[in-house]
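Here is the structure we will look at.
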Amino acid sequence: MKTKVIILWAAFAVCVVAAVSLWFAMNNAKTPEYEEVKAMVVSSETKSVINKKTHSKTDFYDVKVSYNGETYDLINVHNSYSYKEGQLVTALLSDGKLYANVEGITSSTPVAKVYFVFLGGSFVLLMVASTYSSKYSQKKKAEKAAAAQ
């Protein structure tokens, strides 16, 4: 069990170092290429989901826009009330997708995706390594108490 705890903490450290390195790489990356375009809002709605356990509400925004005769989902929208049906809005065209802001483009780059994977992995490994460390510590105390009797 001691080896497993050491391996888990080492994996956690590797994930944290990778996440920090990728964060710097993501922030130092050049500004993504995009083109500002005018798009017409086709539909805009807010979908609310209520957690049955906590009764908290989470809103999801679904905004569809039309640009050059095609309908796109507008990515990284923070509300739906700013997008009224028939309104012309400024959108950012990048890699065949329309984004509401630059942050939506930068968070969808490959480096950003890998960063989020390592960040999530760091949190998971922290919890697992802490749990195993606690179990190992309790096991050692129990063995020591049994040996003393």
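Excluded from the calculations below are hydrogen atoms, water molecules and symmetry mates; all remaining heavy atoms, backbone and side chain alike, are included. FYI, the numbering just counts along the sequence from 1.
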Q. Taking only residues two or more places apart in sequence, or in another chain, which ones meet I75 in a side-chain contact (heavy atoms from CB on, under 4.5 Å)?
A. K97, Y99
Q) What is the distance from atom NZ of K47 to atom CG of D62, rounded to the nearest 0.5 Å? A) 4.5 Å
Q. Can you list the other members of the hydrophobic cluster that holds M40, where links are side-chain heavy atoms under 4.5 angstrom apart?
A. L88
Q. For the residue pair H78 and N101, what are the closest heavy atoms and their distance?
A. NE2-ND2, 3.3 Å
Q: Supply the atom-to-atom distance Y115 OH to S21 OG, rounded to the nearest 0.5 angstrom.
A: 11.5 Å
Q: Please write out which residues are connected to V37 in a hydrophobic cluster, directly or through intermediates, given that two of Ile, Leu, Val, Met, Phe, Trp, Tyr count as joined at side-chain heavy-atom separations below 4.5 angstrom.
A: V41, Y61, V63, V65, Y67, Y72, L74, V77, Y83, V89, L93, L98
Q | Flag, side chain of S134 to backbone of S130, donor-acceptor distance under 3.5 Å | A | no
Q: Drop me the distance from D59's CG to T46's OG1, to the nearest 0.5 angstrom.
A: 6.0 Å
Q: Would you indicate whether the side-chain heavy atoms of L22 and V111 approach each other to under 4.5 Å?
A: yes
**Q.** Side chain proximity check, K113 to F116, heavy atoms < 4.5 angstrom
**A.** no
Q: Start with the C-alpha distance between K53 and N51, add both sets of side-chain angles, then the distance that settles side-chain contact (heavy atoms from CB on, under 4.5 Å), and finish with yes or no.
A: CA-CA 6 Å; K53 286 185 177 180; N51 185 320; 3.5 Å; yes
Q | side-chain contact (heavy atoms from CB on, under 4.5 Å) partner of T3, the single match among V5, I7, I6 | A | I7
Q: Find out if a path of hydrophobic residues (ILVMFWY) with successive side-chain heavy-atom gaps under 4.5 Å connects V114 to F123.
A: yes
Q | Partner set under salt bridge (Lys or Arg N to Asp or Glu O under 4.0 Å) for D73, not counting sequence neighbours | A | K64
Q) With no hydrogens and no angle check, is any side-chain donor or acceptor of S137 less than 3.5 Å from a backbone partner on S133? A) no
Q: Check whether NZ of the Lys or CZ of the Arg K135 lies under 6.0 Å from the centre of the six-membered ring of Y132 and within 45 degrees of that ring's axis.
A: yes
Q) Would one find more than 12 heavy atoms of other residues, nucleotides or ligands at under 6.0 Å from atom CD of E33? A) no
Q. What pairs with E36 under side-chain contact (heavy atoms from CB on, under 4.5 Å), at least two apart in sequence or on another chain?
A. Y34, T90, L92
(Q) Please say yes or no: joined through hydrophobic side-chain contacts below 4.5 Å, possibly via intermediate residues, are V14 and L8 part of one cluster? (A) no
Q. When hydrophobic residues are tied together by side-chain contacts of less than 4.5 Å, even through go-betweens, does L125 share a cluster with M127?
A. yes
Q: Using ring-ring contact (aromatic ring centres under 6.0 Å, His included) as the criterion, list what pairs up with F12, not counting sequence neighbours.
A: W9
(Q) Using every non-hydrogen atom in the two residues, find where V42 and E85 come nearest and quote the distance to one decimal. (A) O-CG, 2.9 Å
Q. In terms of hydrophobic clusters joined by side-chain contacts under 4.5 Å, are W23 and V17 together?
A. no
Q) How far apart are the closest heavy atoms of A19 and S122, and which atoms are they? A) CB-OG, 4.4 Å
Q. Is the CG atom of N27 crowded by more than 12 outside heavy atoms at less than 6.0 Å?
A. yes
